[in-house]
Amino acid sequence: MSFDLLLKGGVLPDGTQADIAITDGKIAAVEANISAEAGETIDVSGQLVSPPFVDPHFHLDATLSYGTPRINASGTLLEGIALWSELKPIQTVEEIEKRAIDYCDWAASMGLLAIRTHVDTSDEDGMKGVEALLSVRDKVKDYVDLQLVAFPQDGLYRAPAAKDCTIRALDMGVDVVGGIPHFERTMEDGRRSVTELCEIAEKRGLMVDLHCDESDDPLSRHIEQLVYETQRLGLQGRVAGSHLTSMHSMDNYYVSKLLPLMAEAQVAAISNPLINITLQGRHDTYPKRRGLTRVPEMIKHGIRVGFGQDCVLDPWYSLGTADMLDVAFMGLHVAQMTSPADMTHCFNMVTRENAAIMGLEGYGLKKGATASLVVLDAGGPVEAVRLRAQRLLVVAKGKVIARREKSPMTLSIPGRPESVDRRF
Ligand code: FE2
């Protein structure tokens with residue numbers, strides 16, 4: 001028997017060692033000591049072999065635009081939204097498409113092979129992004145799976161054309177229904193928007209992912225309505241609330257009622273640690289709130305929680321490297337998830353948990369799955385997070401798309417022999 005590709009001696013995220021055989025874009029076997037011919041055999045002994053990184057929350061229509069037309073001086077979410085409104089009219093479909101493809105190539109080099117991206121559907125300017133990202137979704141489909149969310153950034157009711165544009169985007173083939181209830185004019189408008197958006201998703205058989213309660217206001221409780229509508233409309237397992245930062249500041253008694261309802265409705269949560277720790281708490285003096293939602297508490301209640309990246313070099317965030325290990329690293333710190341089991345779970349959040357939230361089919365290192373994976377210069381998940389380990393190999397749908405030679409530093413400490421190839 002001959003395989004296309006054979007990886008020998010890798011360490012899987014659960015700590016077991018196995019060879020992985022790949023044929024026709026699928027994983028043909030995951031077993032110890034596979035001895036067979038292969039088009040290429042690669043020794044990955046002692047290296048972590050993981051299913052690819054997955055980002056369930058991103059904004060590809062804004063990425064890599066940092067500084068255009070100016071930077072966000074206050075660093076707040078609201079100035080970011082205002083700045084985005086200055087950028088939208090002056091950017092072209094071609095510019096958005098080029099930046100998005102540049103980002104996808106960068107992501108692929110980091111082993112990030114599936115991205116859920118929101119795309120602004122507030123107005124005609126936003127629709128340039130819809131046109132661009134539908135084209136990009138097709139152009140990158142052999143190496144990155146893109147899932148698009150119709151996102152009326154300026155409010156479904158607050159922006160006059162948002163509802164029409166959002167429906168039009170879904171008609172054009174955008175995959176998921178988005179929204180932003182806390183940005184509507186009133187709490188009541190926010191509540192109504194949740195109901196209407198969930199009804200649209202139910203009629204079309206789509207998933208829902210709302211920017212929900214991205215605020216330090218403890219009374220921003222649109223997650224409650226999202227959970228209610230999920231139950232009422234039978235959308236269990238297809239709905240996610242992104243950010244949920246107000247939960248950080250909510251009354252504990254109220255949260256003790258809310259979390260079991262989220263679990264019952266199988267509403268997932270997507271926390272965005274890099275952005276939440278940067279944007280939230282900006283109106284506080286001291287003490288300053290962290291603004292991250294209650295990640296470990298939700299996990300304890302059986303709620304699926306993912307970590308997203310949200311932004312890279314755009315009106316809201318001036319840094320970022322398409323590295324989901326940076327996201328896990330920040331999330332681990334801010335959520336204080338520092339036990340070995342919790343740290344391992346943080347790695348799993350940026351891989352398999354995010355994949356489950358996006359409903360990715362054929363994900364994982366098992367026979368019959370899509371042959372997409374990343375080899376990391378680390379001995380296990382915790383070490384990968386600690387080092388934000390280098391990607392040595394990226395395989396997308398059966399093809400090697402990125403390779404990197406290990407580049408050990410030569411360290412010369414006076415009085416000691418040379419030390420090389422050591423993970424610090
Ligand atoms: Fe976002």
Side-chain angles (χ1 to χ4, degrees), residues 54-66 72 75-85 87-88 96 99-100 103 107 112 115-122 126 129-130 133 146-156 159 162 166 169 174-184 190 193 197 207-216 220 222-223 226 239-247 268-280 282 291-293 305-320 322 324 326-327 330-331 350 354 357-358:
V54 176
D55 186 354
H57 190 111
F58 198 68
H59 294 264
L60 264 182
D61 52 355
T63 195
L64 307 187
S65 68
Y66 179 69
N72 180 339
T76 60
L77 171 66
L78 296 182
E79 185 175 343
I81 293 174
L83 176 50
W84 174 234
S85 290
L87 173 58
K88 271 199 294 180
I96 300 167
R99 292 197 320 252
Y103 182 80
L112 170 52
I115 302 169
R116 174 182 279 182
T117 174
H118 296 255
V119 52
D120 192 327
T121 56
S122 302
V130 174
L133 295 193
L146 286 188
Q147 202 176 65
L148 309 188
V149 186
F151 174 46
Q153 164 91 67
D154 297 335
L156 186 70
T166 300
V174 169
D175 306 281
V176 180
V177 179
I180 187 164
H182 57 275
F183 197 67
E184 304 291 350
S193 79
L197 291 164
M207 300 178 88
V208 178
D209 185 346
L210 306 186
H211 284 64
C212 194
D213 303 325
E214 187 181 5
S215 158
D216 292 315
S220 186
H222 297 293
I223 180 60
L226 185 60
V239 174
S242 279
H243 294 296
L244 303 176
T245 53
S246 75
M247 201 188 293
I270 300 169
S271 170
N272 298 293
L274 292 165
I275 305 310
N276 298 151
I277 195 69
T278 303
L279 295 182
Q280 300 304 310
R282 288 274 178 166
L292 203 75
T293 193
V305 186
F307 277 148
Q309 187 167 215
D310 203 359
C311 304
V312 167
L313 294 169
D314 70 9
W316 296 273
Y317 190 54
S318 50
L319 299 169
M324 293 306 290
D326 272 349
V327 176
M330 179 62 82
V350 294
N354 285 347
I357 289 171
M358 285 179 61

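Bear in mind that the values here come from a model prediction, so they are computed numbers and not experimental data. Whatever order the structure lists ligands and atoms in, that order sets their numbers, starting from 1.
At a cut-off of 2.8 Å, measuring from the Fe ion (ligand 1), the protein N, O or S atoms that fall short of it are H57 NE2, H59 NE2, H211 NE2, D310 OD1, waters left aside.
With sequence neighbours left out, the side chain to side chain contact (heavy atoms under 4.5 Å, CB included) criterion links A268 to A240, R304, I357.
Taking OG from S242 and CD1 from I223, the interatomic distance works out to 10.0 Å, rounded to the nearest 0.5 Å.
Aromatic ring orientation, H118 versus F151: perpendicular (interplanar angle above 60°, classes split at 30° and 60°).
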Test side-chain hydrogen bond (donor to acceptor under 3.5 Å, both in side chains) applied to S215 and H182, step by step: CA-CA 8 Å; S215 158; H182 57 275; over 6 Å; no
Residue pair D213, H243: steps toward the side-chain hydrogen bond (donor to acceptor under 3.5 Å, both in side chains) verdict: CA-CA 7 Å; D213 303 325; H243 294 296; over 6 Å; no
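A side-chain contact (heavy atoms from CB on, under 4.5 Å) with Q309 is found for exactly one of L112, I275, T63, namely L112.
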